[in-house]
Structures are given as C-alpha cells and as structure tokens.
Amino acid sequence: MHAFANPRRFLAIAMPLTPWCFWGGIALILAGCWAGLFQAPADYLQGESFRIIYIHVPTAWLGMGGWSGMTIAAIMQLVWRHPLAGVAGRAIAVPGAVATALCLATGSIWGRPTWGTWWEWDGRMTSMLLLLFLYIGYIALARSSADRGDAGGVSRVTAIYALVGALNLPIIHYSVVWWNSLHQGRSITLSGSSIAGSMLWPLGLTVLGFTAWFAAIVLLRMRAILAENRIEARLRRMSRS
C-alpha cells in the first residue's frame, strides 16, 4: 500500500478509475432494478413488497462495508502512518452515513406491510441505527480535525473512534442469531442462499452496482480533499511570505 502513498501516484490511478466506477455502477444499478422489478417473480409470502430488497440489501452492505473501510484506514493511519489513510476515512464517512440512512428508511418501508409496524427496537434495527449515530459522530470529529489542520483531516482520536465503532459490526451481523427478532435471518451465507435464483441474480447486479458507485463517490471525495489540502497549504505558504 505504501506504493500508493504519494498523492500524485494515487491520483494517476483514481482519476481514470472514477468514471468507470461511476457510470459502470449506474448501469449495473439500472439493470438490476429493472430485472428486480420486471423479471423476478413476486415472493410467495410478501408479494410485491419484497422488491425493495434490491435497494435495502446493497445499502445495508455499504453501511457496514463503509465502516469496515474506515477501520482499515484507521489501522493504516495509526500503525503505518499512511499519508492517505486519514483522507480515505474522511472520504468514506459521508457516503457511508447516507447508505446507512437509506438502509434504515427502506427497511422501515419494507417492514410496514410485512411486520405491520414501521419500527421495532430489536437487535438488528437498533444496532444499525447506532451505526448511523457512529457515522455522524465520526463526521463531526473529522470536521473538527480538519479545522485544526490535522493530516488528512483525521486526528488520532478520530481514528481510534473508528476502531471502537467497529465493535458494532459483529453485533449487527449476528444480531438475528443472538436475539429473537422480527428481522429475517441471514439469507445469504458462505454455504449458500435461501433466496431463489430467479430473485437472487438481480440482487447481485444491484450490490455490485451500488458498490462501484460508492467507490466512485469515495474516490471523488478523496480527490476533492487532496485538492482542498493543496490549496490550504499554498495559502499558508503565501501568508508566511
């Protein structure tokens, strides 16, 4: 990873990669949503309401995946002092928070006709809501760090906060196993899937599409943060001269 520590080297890769991820992600999302709406059959229990899965599952995956990325960035910042680690963590935080909020919103919409309620304080939903609050706290800390001029806009305290927040990820993952829950159990595991193949392949498209789109947004934000840092450094040099 130290081979990409130089911002110029990173930008040389990120700039051509961003449009491929962005437009490729949009194409996969549109294809997956079209297939999910018009090709996949209705669920025998939930009827047409299950189709929100093609938005809900990718956003849940990205909410958790985003924090996992921030955790890796925090480790790289604290252990190896990677100069782009703080930039990456700060860039992931906002789209990760948006994905988590969308997961909660779509889950609530899905739950109303399925469970008869918009919200239930069970393990999965509560731990996912906690993840959103953790994102908001990280964003606030990172903004405060940027105002103080910390490298990458993320202080060591913010990086440690990301590591502590990662403790919530296994709670989210195993909550449907550890506690009785209205939320359905794990449908996709390493041993297979309980979702019919005719419903599963459009989900694969939307998961890949949202992941690529998420990556493009993170790359765009990293490029913007690096540009902002360069401008601030130039202004500081000008003020001293």
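Not measured: the values here are computed from a predicted model. This chain uses plain numbering: 1 for the first residue, then up along the sequence.
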A.B. asks: Checking Arg223 now: which residues fulfil salt bridge (charged side-chain N to carboxylate O under 4.0 Å, His left out) with it, not counting sequence neighbours?
C.D. replies: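 So Arg223 forms no salt bridge (charged side-chain N to carboxylate O under 4.0 Å, His left out) with any residue.
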
A.B. asks: Check whether any side-chain heavy atom of Val87 sits under 4.5 Å from a side-chain heavy atom of Phe10, and report yes or no.
C.D. replies: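 A side-chain contact is absent here, since even the closest heavy-atom pair is not under 4.5 Å.
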
A.B. asks: Treat each ILVMFWY residue as a node, draw an edge where side-chain heavy atoms are under 4.5 Å apart, and state whether Phe133 and Leu104 are in one component.
C.D. replies: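 They do share one cluster, since a chain of ILVMFWY contacts under 4.5 Å joins Phe133 to Leu104.
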
A.B. asks: Give every residue pair that meets the side-chain hydrogen bond (donor to acceptor under 3.5 Å, both in side chains) criterion with at least one member in residues 103-112, sequence neighbours excluded.
C.D. replies: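 For residues 103-112, and leaving out neighbouring residues, the side-chain hydrogen bond (donor to acceptor under 3.5 Å, both in side chains) pairs sorted by first residue read Gln46-Trp110, His56-Thr106.
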
A.B. asks: Distance from Ile217 atom CD1 to Thr18 atom OG1, nearest 0.5 Å?
C.D. replies: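 Ile217 CD1 to Thr18 OG1: 11.0 Å, rounded to 0.5 Å.
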
A.B. asks: May I ask you to decide if the ring planes of Tyr135 and Trp67 are parallel, tilted or perpendicular, using 30° and 60° as cut-offs?
C.D. replies: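 The arrangement is perpendicular - the two ring planes meet at more than 60°.
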
A.B. asks: How far apart are the closest heavy atoms of Ile139 and Ala97, and which atoms are they?
C.D. replies: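 Distance-wise, the nearest heavy atoms are CD1-CB, 4.1 Å.
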
A.B. asks: Just so I know, are the side chains of Leu169 and His173 near enough to count as touching, which here means a heavy-atom distance under 4.5 Å?
C.D. replies: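 Not in contact.
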
A.B. asks: Where do Met125 and Trp119 come nearest, in terms of heavy atoms and distance?
C.D. replies: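 What the structure gives for the nearest pair is O-CH2, 3.5 Å.
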
A.B. asks: Quick one, Thr100 and Thr59 - any side-chain contact, counting heavy atoms below 4.5 Å?
C.D. replies: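 They are not in side-chain contact.
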
A.B. asks: If you measure only the distance, is there a donor-acceptor pair under 3.5 Å linking the side chains of Thr71 and Ser68?
C.D. replies: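 Short answer, no.
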
A.B. asks: Counting N and O atoms only, with roles assigned by atom type, does the side chain of Asn168 sit under 3.5 Å from a partner on the main chain of Ser127, one being a donor and the other an acceptor?
C.D. replies: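 Yes; judged by distance alone, with no hydrogens or angles, the pair exists.
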
A.B. asks: Nearest heavy-atom pair of Ile225 and Ala91: which atoms, and what distance?
C.D. replies: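 Scanning both residues, the minimum pair turns out to be CD1-N, 4.0 Å.
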
A.B. asks: Under 4.5 Å between side-chain heavy atoms, hopping through other hydrophobics if needed: is there a path connecting Leu132 to Tyr161?
C.D. replies: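 In one cluster with Leu132: Tyr161, yes.
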
A.B. asks: How close do Gly66 and Phe214 get, counting heavy atoms only, and between which atoms?
C.D. replies: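 Here Gly66 and Phe214 meet closest at CA-CZ, 4.2 Å.
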
A.B. asks: Rounded at 0.5 Å granularity, tell me how far CG in Leu163 sits from CD1 in Ile75.
C.D. replies: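 With rounding to 0.5 Å, CG (Leu163) is 5.5 Å from CD1 (Ile75).
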
A.B. asks: Please walk me through it: do Ser155 and Thr158 pass side-chain contact (heavy atoms from CB on, under 4.5 Å)?
C.D. replies: CA-CA 5 Å; Ser155 65; Thr158 310; 2.9 Å; yes

A.B. asks: Holding to side-chain contact (heavy atoms from CB on, under 4.5 Å), I want the full list of residues that pass it with Ile109, two or more places apart in sequence or in another chain.
C.D. replies: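 Testing Ile109 for side-chain contact (heavy atoms from CB on, under 4.5 Å), a comparison that skips the adjacent residues, returns Ile52, Trp118.
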
A.B. asks: Measure the spacing between CG of Leu130 and CG of Leu167 and express it to the nearest 0.5 Å.
C.D. replies: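 So the CG of Leu130 and the CG of Leu167 are separated by 10.5 Å.
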
A.B. asks: Of the non-hydrogen atoms in Ala73 and Ala85, which two are nearest, and what is the gap between them?
C.D. replies: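 That closest heavy-atom pairing would be O-CB, 3.2 Å.
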
A.B. asks: Using the test side-chain contact (heavy atoms from CB on, under 4.5 Å), find all partners of Leu17 that sit at least two apart in sequence or belong to another chain.
C.D. replies: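 Expected list: Cys21, Leu219.
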
A.B. asks: How far does CZ of Arg8 sit from CD1 of Ile13, to the nearest 0.5 angstrom?
C.D. replies: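 That separation rounds to 15.0 Å.
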
A.B. asks: Which ILVMFWY residues can you reach from Trp201 by hopping between side chains whose heavy atoms are under 4.5 Å apart?
C.D. replies: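 Grouped by the 4.5 Å side-chain rule, Leu28, Leu205, Leu208 form the rest of the cluster around Trp201.
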
A.B. asks: Show the nearest heavy-atom pair for residues Thr114 and Ser49, with the distance to one decimal.
C.D. replies: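 Where Thr114 meets Ser49 most closely, the heavy atoms are OG1-OG, 4.0 Å.
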
A.B. asks: Roughly how far, to the nearest 0.5 Å, is CZ of Phe210 from CD1 of Ile29?
C.D. replies: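 One gets 4.0 Å once the value is rounded to the nearest 0.5 Å.
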
A.B. asks: Does Arg221 use its side chain to pair, donor to acceptor, with the backbone of Arg90 at less than 3.5 Å?
C.D. replies: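 Here the side-chain-to-backbone pair exists.
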
A.B. asks: For a 4.5 angstrom cut-off between non-hydrogen side-chain atoms, does Ile55 reach Leu102?
C.D. replies: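 Contact flag for Ile55/Leu102 side chains = no.
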
A.B. asks: So, do Leu134 and Val164 sit near enough that their side-chain heavy atoms are less than 4.5 Å apart?
C.D. replies: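 Not touching, per the 4.5 Å side-chain cut-off.
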
A.B. asks: Side chains of Pro95 and Val218: does their closest heavy-atom pair fall under 4.5 Å?
C.D. replies: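 They are in contact (side-chain heavy atoms under 4.5 Å apart), so the answer is yes.
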
A.B. asks: Please determine whether residues Leu200 and Val207 belong to a single hydrophobic cluster, defined as Ile, Leu, Val, Met, Phe, Trp and Tyr linked transitively by side-chain heavy-atom distances below 4.5 Å.
C.D. replies: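 Leu200 clusters together with Val207.
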
A.B. asks: Could you go step by step and tell me if Met76 and Arg81 meet the side-chain contact (heavy atoms from CB on, under 4.5 Å) rule?
C.D. replies: CA-CA 6 Å; Met76 295 180 70; Arg81 302 182 185 277; over 6 Å; no

A.B. asks: So, taking the atom named CE in Met15 and the one named CG in Leu220, what distance separates them when rounded to the nearest 0.5 Å?
C.D. replies: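 CG of Leu220 is found 10.5 Å from CE of Met15.
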
A.B. asks: Grouping I, L, V, M, F, W and Y whenever their side-chain heavy atoms are under 4.5 Å apart, do Met70 and Val98 come out in a common cluster?
C.D. replies: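 No; Val98 is not reachable from Met70 via cluster members.
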
A.B. asks: Classify the angle between the aromatic ring planes of Trp34 and Phe38 as parallel (below 30°), tilted (30 to 60°) or perpendicular (above 60°).
C.D. replies: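 If you compare the ring of Trp34 with that of Phe38, the planes turn out tilted.
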
A.B. asks: Report whether Trp20 and Met222 are members of the same hydrophobic cluster (ILVMFWY, side-chain heavy atoms less than 4.5 Å apart, transitive linking).
C.D. replies: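 No, because Trp20 and Met222 fall into different hydrophobic clusters, even though each may have its own neighbours under 4.5 Å.
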
A.B. asks: Would you mind listing every salt bridge (Lys or Arg N to Asp or Glu O under 4.0 Å) that reaches into residues 49-62, with sequence neighbours excluded?
C.D. replies: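 Sorted pair list: Glu48-Arg51.
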
A.B. asks: Using a 4.5 Å cut-off on heavy atoms from C-beta on, say whether the side chain of Phe22 contacts that of Ile26.
C.D. replies: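 They are in side-chain contact.
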
A.B. asks: Side-chain contact, heavy-atom cut-off 4.5 Å: Met128 with Met64?
C.D. replies: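 They are in contact (side-chain heavy atoms under 4.5 Å apart), so the answer is yes.
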
